[in-house]
Amino acid sequence: MKILISNDHNALELKKILTAHIEEKFSAEVTDIGSTGEKGTDYPEYAHAAAKKILAGEHDFAVLLCGTGAGMCIAANKIRGVRAVVCSEPYTARLSREHNDAQILCIGARVVGAELAKMIVDEFLQARFEGGRHQVRVDMLECN
Ligand code: RB5
């Protein structure tokens, strides 16, 4: 499995923790294209870059981290074809894969602690899209 991870200045520590966790638990190849410094950075740039790589098929999924997860999620979803979700608990993370075929998981480093973030990532990466009636709805998502 190939995972893209990215972050703004608010999520440096959480990125390190989740990268190690994903590599170890899923034997995944994790590519980091996020901020490596603590100076103010602009989350839309990171989100757009990650979203384009996901659509290009370079990675299976992306994990995007900022203060709340909201900015990354909004920005990623501006790229047509992307389905990004912001999650603060594991149930939504699982259903976002099973029902919504989300390719991008966003988490807020100021909102979610590291252990809960690991559980959210685990549910997201372990779940499988169910297709069927959900595929019909996913196909309806793009509206312009
Ligand atoms: C940056 O201060 C903050 O706005 C960002 O990390 C994120 O929370 C945006 O949604």
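Numbering of ligands and ligand atoms starts at 1, following listing order.
If you look at T68 next to ligand 1, the close heavy atoms, those under 4.0 Å, come from the backbone and the side chain alike.
To the nearest 0.5 Å, atoms CG (D8) and CG (D42) are separated by 9.0 Å.
Those atoms of ligand 1 with a heavy atom of G71 less than 4.0 angstrom away are 9 (C), 10 (O).
Considering only non-hydrogen protein atoms, atom 9 (C) of ligand 1 sits nearest to Y43 CE2, 3.5 Å. In terms of protein heavy-atom proximity, atom 5 (C) of ligand 1 is nearest to D8 OD2, 3.2 Å.
Judged as a ring pair (Phe, Tyr, Trp, His ring centres under 6.0 Å), and not counting sequence neighbours, Y46 has no contacts.
Taking 4.5 Å as the limit, some side-chain heavy atom of I79 sits within range of a side-chain heavy atom of H48. For the pair K2 and K53, the minimum side-chain heavy-atom distance is 4.5 Å or more.
Between F124 and F61, the ring-plane angle classifies as perpendicular under the 30° and 60° cut-offs.
Which of N7, N10, V111, T41 comes nearest to atom 2 (O) of ligand 1 through a heavy atom is settled by distance: it is N10.
The N/O atoms of G67, backbone and side chain alike, include one that comes under 3.5 Å of an N/O atom in ligand 1.
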